[in-house]
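Here the structure comes first, spelled out in structure tokens, and everything after it is commentary.
The first residue in the sequence is number 1, and the count goes up from there. Just so you know, ligand 1 is whichever comes first in the structure, and atom 1 is the first atom listed for that ligand. In this text, all values refer to a predicted model and were calculated from it rather than measured experimentally.
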Amino acid sequence: TYEETLQQRVRLHHSVEDAKGNIRVIVRMRPVVPNDASQPQHIKHLEDGALEVDEARNAVFLSTPTTGMKRFEFYSVYGPAQDSVAQQGVLFEEQVRPLLKSVLDGTNVAVMAYGPTGSGKTFTILGKTESGQLSGLLPQSVEFLLDTLMAPSTPQTPLSSNSETRLQVVESCTMTMVEVYMDQVYDILGQLHGALESAAKVDVRQGSDTVSLNGVTEVPVSRWDDAVRYLQEGLRLRKTHRTLKNLESSRSHLIVSLHLVVQATGGATYRSKLVFVDLAGSERVSKSLSQGERLKEAQHINKSLSALGDVVHALSTTPRPAYIPYRNSRLTQLLFDAIGGNAKTLLITCICPHLPQQHNMSETQSTLQFASRAKNVRNALVQRAHSTPNTSIDSSHVEGDQQPL
Ligand code: ADP
Ligand code: MG
């Protein structure tokens with residue numbers, strides 16, 4: 001049948017992308033939320049087009065009076081869900097859990113959320129629900145890694161025919177949490193441990209093939225509740241500001257890293273890094289009527305995101321240029337391995353439903369264009385060899401990071 005052919009095509013498409021090691025790009029459109037209706041009405045009312053998602057074909061259709069109808073295809077597309085928390089679970093199962101298997105095999109993984117302010121990036125990564133629980137991909141991943149694999153009392157058997165054989169045990173897991181604000185990196189966990197904000201600035205150390213943070217606070221997390229407490233308390237320190245666009249808009253890029261040591265059966269030890277990136281909003285400055293300090297923040301956000309765009313552009317050019325401009329911003333420096341480097345990367349592109357009174361189509365369009373371009377970025381993935389427990393986490397890093405595979 002047609003549906004079967006379609007499914008086959010999608011499966012083939014997926015396995016081809018897997019083999020190529022490209023950044024995997026998916027799209028999530030959030031539902032209309034109560035806050036949408038209360039947006040200020042002085043933003044011009046424009047019937048500026050149409051926007052549709054087609055989950056079956058993994059496509060997004062956008063039409064504007066100036067561009068006509070455009071079709072964007074992605075690895076997966078998720079439309080507005082009636083039950084958002086349930087969709088958080090679906091996203092985890094379909095997109096993140098398979099990547100966590102790679103993490104357990106010693107591969108670095110990065111999960112990034114990109115999109116304009118209010119499109120659901122923070123919801124996707126962290127996902128605070130009304131009851132204060134965290135339902136996002138990060139807490140779900142931590143739960144999977146720690147409670148499933150670390151608990152010493154968890155029986156290793158029995159295994160039903162369709163459950164996975166548990167071959168690995170997470171031996172240790174540590175977490176760092178930083179934000180990039182005004183092109184400075186701030187150690188959030190350091191501040192939770194009493195450091196003043198002014199003392200919490202950390203330097204990025206860029207090696208020839210690695211990047212690390214000088215003296216960043218790294219806390220061991222062995223229980224899910226501990227990790228979630230750090231996340232919740234850390235989030236409170238994050239620099240947010242009320243703009244007209246969104247009640248709580250993040251003014252910084254948040255980067256949470258989990259460093260894992262995994263013991264496989266047979267005695268091999270793997271080290272890997274799982275990084276979650278919640279980017280600041282990609283909308284243009286004038287839209288949120290920013291002024292003064294807010295304008296400066298917005299300019300920094302725009303500058304770092306356009307540096308990100310430049311890196312993605314350079315990496316998606318064939319042949320790949322020898323020079324990739326990672327050093328143009330702290331953000332791109334920090335994403336050195338996540339984008340084009342030694343990691344499997346999932347880019348979640350968040351978009352808003354079509355809200356004519358907010359004239360958000362040009363933002364949606366530029367977001368989808370960025371996402372389309374990112375599909376062409378091929379990471380220089382190095383399958384991690386067995387390493388001894390004393391090997392530094394970054395030492396078996398990128399090889400030939402600027403080269404296509
Ligand atoms: P961003 O981080 O992109 O600025 P947020 O994640 O803060 O956006 O989302 C903006 C608002 O929309 C929040 O109130 C959030 O709870 C809500 N929201 C975002 N995504 C969803 C979703 N998938 N389902 C339900 N509500 C959502
Ligand atoms: Mg946010």
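Residue contacts to the Mg ion (ligand 2): Thr117 brings no N, O or S atom closer than 2.8 Å.
At least one heavy atom of Pro31 sits less than 4.0 Å from an atom of ligand 1. Contact between Ser119 and ligand 1 is present, with at least one heavy atom of the residue lying under 4.0 Å from the ligand.
Salt bridge present: Arg30 and Asp36 bring a charged side-chain N and a carboxylate O closer than 4.0 Å.
Interatomic distance, Lys273 NZ to Asn342 CG, rounded to the nearest 0.5 Å: 9.0 Å.
Between Asp278 and ligand 1, a contact under 3.5 Å exists for no N or O pair.
When the side chain to side chain donor-acceptor pair (under 3.5 Å) test is applied to Arg229, no partner is found at least two apart in sequence or on another chain.
Under 4.0 angstrom from ligand 1, the non-hydrogen atoms of Val33 all belong to its side chain. Contacts of Lys128 with ligand 1, taken as heavy-atom pairs under 4.0 Å, are absent altogether.
Below 30°, between 30° and 60°, or above 60°: for Phe336 and Tyr326 the angle between ring planes is above 60°, a perpendicular geometry.
The nearest pair of heavy atoms linking Val77 to Glu55 is O-CG, 3.4 Å.
A cation-pi contact, defined as under 6.0 Å to the ring centre and within 45° of the axis, is absent between Lys121 and Tyr114. Relative to the ring axis of Tyr75, Arg24 places its NZ or CZ within 45° and under 6.0 Å from the centre.
Close approach to Thr117 involves these atoms of ligand 1, each under 4.0 Å from a residue heavy atom: 4 (O). Listed by number with element, the atoms of ligand 1 under 4.0 angstrom from any heavy atom of Pro116 are 3 (O).
Of the listed options Pro34, Ser84, Gly118, Ala113, Gly118 places a heavy atom closest to atom 4 (O) of ligand 1.
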